[in-house]
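Report on the following structure.
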Amino acid sequence: NFKNTLGNIVQKFQDSNLLNQQHKFWETQPVGQFKDVGNSSLPEGPIEQPTLLSEVKQEPYNLPNLYEWTVCDMDSDDVCNEVYVLLTNNYVEDDDNLFRFNYSKEFLRWGLRPPGYFRSWHIGVRVKASKKLVAFITGVPVKMRVRDEVVQMAEVNFLCVHKKLRSKRLAPVMIKEITRRIHLENIWQAAYTAGVLLPTPLATCQYWHRTLNPKKLIDVGFSRLGDRMTMSRAIKLYKLPSSTVTPGLRKMEARDVPAVTRLLRDYLSRFVVAPTFDDAEVEHWLLPQENVIESYVVECLETREITDFFSFYTLPSSILNNPNYSTLKAAYTFYNVSTSTPLVQLTQDALIIAKQKDFDVFNALDIMENEPFLKELKFGRGDGQLYYYLYNYRLRDALRPSELGLVML
Ligand SMILES: CCCCCCCCCCCCCC(=O)SCCNC(=O)CCNC(=O)[C@H](O)C(C)(C)COP(=O)(O)OP(=O)(O)OC[C@H]1O[C@@H](n2cnc3c(N)ncnc32)[C@H](O)[C@@H]1OP(=O)(O)O
Ligand SMILES: CNCCCN(C)c1ncc(F)c(N2CC(C(=O)NCc3cnc4ccccn34)C2)n1
């Protein structure tokens with residue numbers, strides 16, 4: 001009956017005419033195509049073979065006349081501020097346009113400058129006359145393991161076109177240009193996520209939200225009071241202990257990097273697709289930075305060994321057109337490894353710390369082994385889906401979220 005289950009899925013695609021949707025750009029790209037869903041004769045692995053570097057287009061793609069390419073040097077305060085302002089006013093919004101992500105400048109510097117990063121992959125588009133920054137797209141290098149293969153990839157993110165320049169087919173030009181620059185570094189695969197369905201998801205993941213500040217979330221329209229729920233009942237329902245429960249829990253420090261790297265590498269080996277982390281990468285991605293990334297370790301009191309850790313990143317959202325609030329303070333769970341403290345207890349301590357730090361909501365995807373704690377710790381299913389994609393790499397079947405060990409910013 002597997003065959004007819006698959007048939008049903010393809011049928012669902014056909015019925016909801018997803019298959020009939022035109023993707024004029026994505027149909028030209030080396031990505032899984034909707035028409036090939038379920039075609040098990042297609043081999044897993046790269047879709048196109050690498051070309052010689054001398055054969056990669058040497059000059060940038062053409063932009064419409066009024067615009068020019070620019071490299072955004074994130075070390076420069078002015079440029080970093082221009083990127084921040086563009087994203088603050090034009091980046092991802094929810095479907096009801098109540099919220100817009102408000103990635104901070106220090107967050108962008110953290111997310112875009114990991115070990116081995118290329119400044120030329122921080123690509124902007126300016127208006128020639130005014131030099132105004134009107135579009136952006138980024139890539140950072142990552143060694144991604146897919147099953148038993150470690151593939152050098154790029155993580156592509158922060159694609160943004162100014163609201164006034166939408167629906168002019170600028171996005172495909174941005175994507176082709178960053179593809180060209182990544183090819184010039186002899187890298188032929190990429191990973192990316194989006195809240196929109198494109199050909200063809202590696203995995204379809206669900207957001208879950210753990211309310212920390214019920215009154216504010218209801219006032220701003222993030223959550224609704226259930227019909228049998230009063231505000232005072234909601235406040236009681238989501239109440240957390242004022243201090244953490246795990247003995248030996250403390251902030252991560254530089255001296256913990258080797259132990260955390262070992263824990264994380266062992267843990268991520270369980271998943272079909274996951275990044276590899278060396279010490280330098282763990283130092284970059286997990287050492288705490290205020291208002292960017294929080295990481296805590298559990299040090300066993302007898303043996304002084306590090307047995308567990310959790311981390312979450314800070315990604316506020318602007319609240320659009322609300323008289324009383326301007327910012328939604330959201331924490332997003334990052335990487336967590338438990339070898340002796342139960343994951344539910346570890347995550348409850350993460351919630352307690354997030355509440356102590358005045359976050360309004362704690363977000364998690366249903367990836368890795370998150371599912372069990374989502375239900376137990378009173379997370380609510382969100383309406384946002386996050387689709388994961390690979391560029392120029394086919395997997396025969398889409399993954400379950402629990403097979404995915406990759407968190408993207
Ligand atoms: C080897 C190396 C490879 C490197 C590259 C790997 C791939 C990286 C891919 C990028 C990973 C980004 C990861 C993130 O950052 S996801 C976050 C994306 N950003 C936002 O949502 C911010 C607000 N929105 C905007 O700024 C614009 O609406 C954007 C820029 C998103 C589209 O601009 P606009 O609305 O003015 O449209 P258009 O007329 O120019 O172009 C229309 C075409 O663009 C396709 N489209 C629309 N949205 C997305 C999207 N999120 N990913 C990929 N493609 C997208 C669309 O299907 C259509 O193609 P087709 O359906 O006709 O075929
Ligand atoms: C390209 N990088 C992917 C990650 C970007 N991320 C974090 C993201 N991508 C798509 C989403 F669907 C999403 N969701 C978090 C859930 C959520 O909190 N929804 C309410 C809400 C509050 N603020 C905003 C801002 C924009 C969209 C929804 N918002 C849904 N997150």
Side-chain angles (χ1 to χ4, degrees), residues 21-31 33-34 46-48 50 56 86-87 89-103 111 121 123 125 134-139 141 151-199 205-209 217 220-223 313 315-320 327-332 360-365 381-393 407-409:
Q21 227 181 12
Q22 300 296 317
H23 285 289
K24 284 281 166 255
F25 168 66
W26 282 109
E27 281 158 12
T28 71
Q29 297 297 294
V31 292
Q33 297 298 329
F34 286 144
I47 293 167
E48 280 179 352
V56 177
L86 174 73
L87 295 176
N89 297 321
N90 302 279
Y91 200 49
V92 187
E93 295 176 15
D94 66 303
D95 294 344
D96 303 326
N97 308 102
L98 295 176
F99 311 107
R100 186 185 305 125
F101 290 126
N102 188 216
Y103 288 87
W121 293 6
I123 304 173
V125 172
V134 292
F136 189 57
I137 187 167
T138 68
V151 182
Q152 182 62 55
M153 294 195 186
E155 281 183 356
V156 176
N157 206 342
F158 300 110
L159 168 61
C160 183
V161 166
H162 193 285
K163 284 170 177 265
K164 291 204 167 62
L165 297 178
R166 296 281 171 84
S167 310
K168 297 174 180 298
R169 310 303 290 181
L170 250 182
V173 181
M174 307 285 292
I175 295 166
K176 286 190 288 192
E177 180 58 14
I178 200 161
T179 302
R180 187 186 72 83
R181 296 193 194 186
I182 293 167
H183 285 166
L184 287 174
E185 301 298 340
N186 200 22
I187 293 172
W188 308 92
Q189 272 74 33
Y192 50 107
T193 57
V196 291
L197 177 63
L198 302 163
C205 303
Q206 189 71 46
Y207 269 101
W208 289 71
H209 312 287
L217 293 185
V220 303
F222 184 96
S223 331
Y313 63 81
L315 170 49
S317 288
S318 305
I319 301 172
L320 311 174
T327 303
L328 178 75
K329 234 191 132 181
Y332 288 74
D360 300 318
V361 64
F362 188 97
N363 292 332
L365 285 159
R381 178 185 280 268
D383 49 11
Q385 279 178 311
L386 194 64
Y387 299 97
Y388 280 72
Y389 301 96
L390 290 181
Y391 184 96
N392 194 22
Y393 203 94
V407 179
M408 284 193 66
L409 304 177

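The structure presented is a predicted model; accordingly, all values stated were derived computationally and were not measured. As a basis for the values below, the full set of heavy atoms in this structure was taken, side chains included, without hydrogen atoms, waters or symmetry mates. Ligands are counted one by one from 1 in listed order, and the atoms in each one are counted from 1 as well.
Leu159 N, 3.0 Å is the protein heavy atom nearest to atom 15 (O) of ligand 1. With hydrogens left out, the protein atom closest to atom 21 (O) of ligand 1 is Val92 CG2, 3.6 Å, a heavy atom. Atom 4 (C) of ligand 1 has its closest protein heavy atom at Thr179 OG1, 3.5 Å. Looking at atom 48 (N) of ligand 1, its nearest protein heavy atom turns out to be Val196 CG2, 4.3 Å. Atom 35 (O) of ligand 1 has its closest protein heavy atom at Arg166 CD, 3.9 Å. The protein atom (non-hydrogen) at minimum distance from atom 52 (N) of ligand 1 is Leu198 CD1, 3.6 Å. Counting only heavy atoms of the protein, atom 37 (O) of ligand 1 lies nearest to Ser167 N, 4.2 Å. From the protein, the heavy atom lying nearest to atom 16 (S) of ligand 1 is Thr193 O, 3.4 Å.
When all heavy atoms are compared, the tightest approach of Gly221 to Leu98 is O-CD1, 3.9 Å.
Residue contacts with ligand 1 for Lys168 involve N, CA, C or O but no side-chain atom from C-beta outward (heavy atoms, distance under 4.0 Å). Within the 4.0 Å heavy-atom criterion, the part of Asn90 lying near ligand 1 is the backbone and not the side chain. Only side-chain heavy atoms of Tyr391 come within less than 4.0 Å of ligand 1; its backbone N, CA, C and O stay farther off. Contact annotation: for Tyr389 versus ligand 1, there are no heavy atoms closer than 4.0 Å. Both the backbone and the side chain of Phe25 come within contact range of ligand 1, each with a heavy atom under 4.0 Å. Only backbone heavy atoms of Gln189 (N, CA, C or O) come within less than 4.0 Å of ligand 1; its side chain stays farther off.
Of the polar atoms of Val161, at least one N or O is found under 3.5 Å from an N or O of ligand 1, judged by distance alone. In terms of polar-atom proximity, Leu170 is counted as a contact of ligand 1, with an N or O under 3.5 Å from an N or O of the ligand. Distances between N or O atoms of Ala171 and those of ligand 1 include at least one value under 3.5 Å. For ligand 1, the polar-atom distance check against Ile137 finds no nitrogen or oxygen pair separated by under 3.5 Å.
A donor-acceptor pair is defined here as one N or O able to donate and one able to accept, closer than 3.5 Å; such a pair exists between the side chain of Asn90 and the backbone of Lys163.
Distance check on atom 29 (C) of ligand 1: every protein heavy atom falls at or beyond the 4.0 Å cut-off.
In this structure, of Tyr387, Tyr91, Trp26, the residue bringing a heavy atom nearest to atom 55 (C) of ligand 1 is Trp26. Between atom 58 (C) of ligand 1 and the options Arg169, His23, Lys24, the minimum heavy-atom separation is to Arg169.
Contact atoms of ligand 1 toward Cys160: 26 (O) (distance under 4.0 Å to a heavy atom of the residue). Near Ile182, with a cut-off below 4.0 Å to any heavy atom, the atoms of ligand 1 are 2 (C), 4 (C). Shown in contact with Asn157 at under 4.0 Å from a heavy atom are these atoms of ligand 1, numbered in order with element: 15 (O).
With respect to Arg181 and Glu185, no salt bridge is recorded, no charged nitrogen being found less than 4.0 Å from a carboxylate O.
Ring pair Tyr387/Tyr389 is tilted by interplanar angle, where 30° to 60° counts as tilted. Taking the six-membered ring where the residue is Trp, Tyr313 and Tyr332 present parallel rings, their angle staying beneath 30° rather than reaching 60°.
For residues 158-182, every residue pair satisfying the ring pair (Phe, Tyr, Trp, His ring centres under 6.0 Å) rule, not counting sequence neighbours, is listed here: Tyr91-Phe158, Tyr103-Phe158.
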Please tabulate protein-ligand N/O pairs under 3.5 Å for ligand 2, atom names and distances to 0.1 Å.
from	atom 1	to	atom 2	distance (Å)
ligand 2	2 (N)	Leu409	O	3.1
ligand 2	23 (N)	Ser317	OG	2.8
ligand 2	31 (N)	Tyr207	OH	3.3

Margin query: What verdict does the side chain to side chain contact (heavy atoms under 4.5 Å, CB included) test give for Glu48 and Trp188, after you've listed the backbone C-alpha separation in whole Å, the side-chain angles of each residue and the deciding distance to 0.1 Å?
Written below: CA-CA 8 Å; Glu48 280 179 352; Trp188 308 92; over 6 Å; no
Notebook entry, point to check: Please walk me through it: do Glu93 and Phe99 pass side chain to side chain contact (heavy atoms under 4.5 Å, CB included)?
Noted result: CA-CA 6 Å; Glu93 295 176 15; Phe99 311 107; over 6 Å; no
